[in-house]
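Report on the following structure.
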Amino acid sequence: MNQDYEPRAVERAAQDFWHSARAFEVTEDPSREKYYCLSMFPYPSGKLHMGHVRNYTIGDVMSRYQRMLGKNVLQPMGFDAFGLPAENAAIANNTAPAKWTYANIEYMKQQLDALGFGYDWTREVQTCRPDYYRWEQLLFTRLMKKGLVYRKNAVVNWDPIDQTVLANEQVVEGRGWRSGAVVERREIPQWFLKITAYAQELLDGLDQLPGWPDSVKTMQRNWIGRSEGLEFQFAIEGHDPLIVYTTRPDTIMGVTYAAVAAEHPLALAAAANNPELAAFLKDAGRSGVAEAEMETMEKRGMPLGIDAIHPITGAKVPVWAANFVLMGYGSGAVMAVPGHDERDFAFALKYGLPIQQVVAIEGETYDLTRWQDWYADKLHPQMRIVNSGALDGLNYKQAFDALVQRFEKDGTGKRRVNFRLRDWGVSRQRYWGCPIPVIYCAKCDAQPVPEDQLPVVLPEDVEFTGVKSPIKADPNWRKTTCPNCGGPAERETDTFDTFFESSWYSARFTSPGAQELVDERANYWLPVDQYIGGIEHAILHLLYFRFFHKLMRDEGFVKGDEPATNLLTQGMVVKETYFTEKDGKKTWINPADVLIEHDAKGHPLSAKLATDGSPVQIGGVEKMSKSKNNGIDPQVLIDRYGADTVRLFAMFASPPDASLEWNDSGVEGAARFMRRLWRGVHTHVAQGPATALDIGVLTPAQKTMRAALHDTLAKIGDDYGRRKQYNTAIAAVMELMNTVAKFEDGSPQGRAVLQEIWESIVLVLNPIVPHATHALWQALTGRSDALDARFPVADDTARVKDVIALVVQVNGKLRGHIEVARIATQDEIIAIALADENVRKFIGDAAPKKKIVVPGKLVNIVV
RNA sequence: GCCUGAGUGGCGGAAUCGGUAGACGCAGGGGACUCAAAAUCCCCCGAGGCAACCCCUCGUGAAGGUUCGAGUCCUUUCUCAGGCACCA
């Protein structure tokens, strides 16, 4: 072997070896335990960024580790190739989205290979290819026939200048990002998937996922938001009744007004001869559709001049239009109980509407001018209904049940389970996506495209200017015939939400080339044993992913209820952002192009452009993204240090699930470690072959050295297996190597111990730095099978120590260190502790009240 | 605004089930080797006190609490990050 560590040559040799051995191509083998390790596939944005490197290194480490446990490991990779950035790039660079996307994929594949990730590329999917998306079109048409798909109006962000629909991301401070126009809400017809039909199952299924983080399950539970409440009506003279849903029927006697959305038919009717109201409704429609915006904007309203009839008292309650009530979510109308709902309270104070207290808690004083949290506390043990006639004195549950009974009896209302989860709107008015396989016929209405006519192919060789989708602009593409009556008809020109593609790629990976959605191979590989991806996908993607699995199950394509057994949510790689501002438009500057000045304490003072020294503003620390241009290009580091060093550092920098503020400076330490490792093995190997280990004849120093090795192996086994935390495993190896450096023993058995140590170190590092360890394993053993070697396991008999170090506390404070025999009794341990000089000083004349011995750890004397 | 997390030296982080706070590494300081540099090796490195190894006091965003003992559990609070349904 070479004396110096030369990553470039070492990495090429290892990659060539794997490539010619087709080392990562796998097939179904029922005789072996399978392990399907899946990292979320990337959007082909151009280059890999640090978040990708970290994510994919974690997946590769896990895959290689599982392989070293003897499992049949599948680790596929592909590209989530449809999406908005391709359209933006097309406008900016005047290239077709397809061309841009394919070029990016080629470059990123080469980067992934350079990092040594063990993917089975024979299974690659590119979601923008018809041979991929035809199967999701097929699934959609099946769901359509099954009644799980419907069309309704839904609101979008409308840019009145560019005459286009904007993504939420494209709305910046209420304005279109390119035109600067104030964004409006606009209703257009869109296709929806009935995810709410699966809401209960998606909720219950979370309990079957012990391998998913609690935080993700909690977020999904809250997102699904199951509630039980009462649905009832307010009669309105001369109009349809207002249907409302409430989880607080117990407060019904506190209703002092009702509120409807600006788009509600009642509001529109009232505005017909009320120009002031019409103006308000128009203005209320001026806002984006994002929930965060709805929740934080100023709550405004205006009375319709129409009264609703309170269903119990018969009293008239005014109906208001309010900008925070959205049409299309529920019935577009809400009852308002300002006495016990914080938002209603604030609204009532603002507009001078009456506030009626109907809940009291003993010892608390109700104050009409100031909101207090107890007003809304329905589960307080002292909570009682007041000012509500027959309901007075009841608690929340009693009043709830009494009200439900009252409404169900006369049929004017009913108990209802409601979900916060809304049906999934899958229509996008964009070009670069999978065409929705629907045909519109004037006679027969919307028809699914027949299966033998799939796929509906998206043309790729197009001019894309950004104003209008090429398939919307092209009248010929649209033209078709109705599959039902054969008459002239038109195709849907909207495309799917790109979450569609990423909802089922995991299944497709199991069945490359299948002439159906998946084939029987899916039953061998599914479910995914380990799914790895960013925490930012905790709700949307992971919910759709679970939903799709159930849809595919119910269509008979896959078995089992959940798509992935274990989930690791990788923390975000974040980085400071930098920008310059001109005419209110921000230009984001890459951190690599910015020089930062720090004060004496290391806090950043100012930033300037590296090229010309012009000042740059410092923005927040955010996840690395294309839009904020704060991604660090890992290629620079790979070129300088090699893939193994980058992989090692990515794993060493922080635990996988923690977010990481990226900083290059530690990479030097990882490079140093690689050189030490290489030199250590080289020095050992250069002395010739070691003799066989004979544990019966070891000296105490050799035994201690071996104990250190096997303690380390025990720790590392736990880190890899149970904890899935690699930074501490690497630290343990570093610590062991520091100990080895001090172990100078050229005797035959000393060298035998060293042989065992170096083999172990090389194998435990193999999943993390596979190229270097491939070469080192060859040097140590003459074999090329590091990939399939068994992961080292600790020998517990080597770890037994005769003397154990304990600490002694007095009243919980550390006062001394003692050593006791392994076999010492509690009384003997306490006696030794009490004999310690410093301990005696702190006990003084006092008699110990309590003596606590924690085996293997400490003694605490309480006086 | 709501939901979910996270706050520990100059920096990344460790402390796994309530039991030695700061492992391991980076940066920094000192030294060895060298004509010199790089590389490498050794030592120091939370704050304060002490002549001093020892040892003592303080210290895990902040304020309280539970406990023999709290970075870890509870309450309140601040800050930051992720998500909020058309970024992926």
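We name chains A, B, ... by the order of the sequence lines, and we start the count at 1 in each one. All heavy atoms count here, side chains included; hydrogens, waters and symmetry mates do not. Not measured: the values here are computed from a predicted model.
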Plane angle bin for A:Phe347 and A:Phe324 - parallel if under 30°, tilted between 30 and 60°, otherwise perpendicular:
perpendicular
Classify the glycosidic conformation of B:G12 as syn or anti, calling it syn when the angle lies within 90° of 0.
anti
The dot-bracket string of RNA chain B, counting Watson-Crick and G-U wobble pairs with both distances under 3.5 Å, using [ ] for crossing pairs and | for pairs to another strand, is (((((((..(((......[....))).(((((.......))))).((((.....))))..(((((..]....))))))))))))....
I need the CG-C1' distance between A:Leu814 and B:U57, as an integer number of Å.
14 Å
Could you give the distance separating B:U79 and B:G29 at their P atoms, to the nearest angstrom?
37 Å
Using a heavy-atom cut-off of under 4.0 Å over every strand shown, decide if A:Thr296 touches base, sugar-phosphate, or nothing.
base
Rounded to whole Å, the CD1-P distance (A:Ile730 to B:G12) equals 18 Å
Using 0.5 Å steps for rounding, measure from the CH2 atom of A:Trp432 to the CH2 atom of A:Trp100.
10.0 Å
Would you say the rings of A:Tyr726 and A:Phe652 are close, in the sense that their centroids are separated by under 6.0 Å?
no
If you pin A:Glu668 and A:His817 to their nearest nucleotides in RNA chain B, which one's is more 5'?
A:His817
Once you round it to whole Å, what is the distance between P of B:U40 and CG of A:Asp4?
11 Å
Check A:Arg428 with A:Asp497, please: is the shortest side-chain N to carboxylate O separation under 4.0 Å?
yes
A:Leu660 has a side chain; which of B:G13, B:U20, B:A23 sits nearest to it?
B:G13
Could you tell me the separation between the CE atom of A:Met294 and the P atom of B:G1, rounded to a whole number of Å?
17 Å
So, is A:Asn727 near the phosphate of B:G12, with a side-chain N or O under 4.0 Å from OP1 or OP2?
no
Can you find a donor-acceptor pair, distance only, under 3.5 Å between A:Arg722 side chain and B:U16 base?
yes
Whole angstrom value for the distance that separates C1' of B:A23 from CG of A:Asp719
12 Å
How close or far is atom C1' of B:C24 from atom CZ of A:Arg672, stated in whole angstroms?
13 Å
Its glycosidic angle compared against 90° from 0, B:C58 adopts the form anti
Considering only atom C1', compute the distance from B:G10 to B:C78 and round it to an integer number of Å.
24 Å
I'd like the C1' distance from B:G9 over to B:U4, given in whole Å.
29 Å
Using the P atoms only, state how far B:U66 lies from B:G30, rounded to an integer number of Å.
49 Å
When the ring centroid of A:Phe500 is compared with that of A:Phe548, is the distance short of 6.0 Å?
yes
Taking 4.0 angstrom as the limit, do A:Glu293 and A:Arg185 come out as a salt bridge?
no
More than 12 heavy atoms of other residues, nucleotides or ligands under 6.0 Å from CZ of A:Arg640: yes or no?
no
Within this structure, what is the CG-to-C1' distance between A:Leu567 and B:U4, rounded to whole angstrom?
14 Å
Hey, is A:Asp494 close enough to A:Lys472 for a salt bridge, meaning N to O under 4.0 Å?
yes
Once you apply a heavy-atom cut-off of 4.0 Å, does A:Lys715 come out as touching a base, just sugar-phosphate, or nothing?
base
Determine whether the aromatic ring centres of A:Tyr133 and A:Phe82 lie less than 6.0 Å apart.
yes
Starting at CG of A:Leu677 and ending at C1' of B:U40, how long is that distance when rounded to a whole Å?
16 Å
A:Glu735/A:Lys715 salt bridge by N-O under 4.0 Å criterion:
no
Answer with base, sugar-phosphate or nothing: what part of the nucleic acid does A:Asn738 contact at a heavy-atom distance below 4.0 Å?
sugar-phosphate
If a protein heavy atom is under 4.0 Å from the base, mark B; if only from the sugar-phosphate, S; if neither, -; do that for nucleotides 63-88 of chain B going 5' to 3'.
-----BS-----------SBSBBBBB
Any ion pair linking A:Lys217 and A:Asp214 (charged N to carboxylate O, less than 4.0 Å)?
yes
Which part of the nucleic acid, if any, lies within reach of A:Phe324 when heavy atoms closer than 4.0 Å are counted: base, sugar-phosphate only, or nothing?
nothing
If I pick the P atom on B:U40 and the same atom on B:A88, what distance separates them, to the nearest angstrom?
45 Å
When you measure from the side chain of A:Arg675, which nucleotide among B:A15, B:A39, B:C56 comes out closest?
B:A39
Within less than 4.0 Å of OP1 or OP2 of B:A39, is there a side-chain N or O belonging to A:Arg676?
no
Provide the distance between the two C1' atoms, one in B:U34 and one in B:C50, to the nearest whole Å.
41 Å
Looking only at atom P, what distance separates B:U77 and B:G12, rounded to whole Å?
28 Å
With C1' as the reference atom in both, quote the distance from B:A15 to B:C53 in angstrom, rounded to an integer.
27 Å
In terms of ring plane angle, is the pair A:His541 and A:His537 parallel, tilted or perpendicular, where the classes change at 30° and 60°?
perpendicular
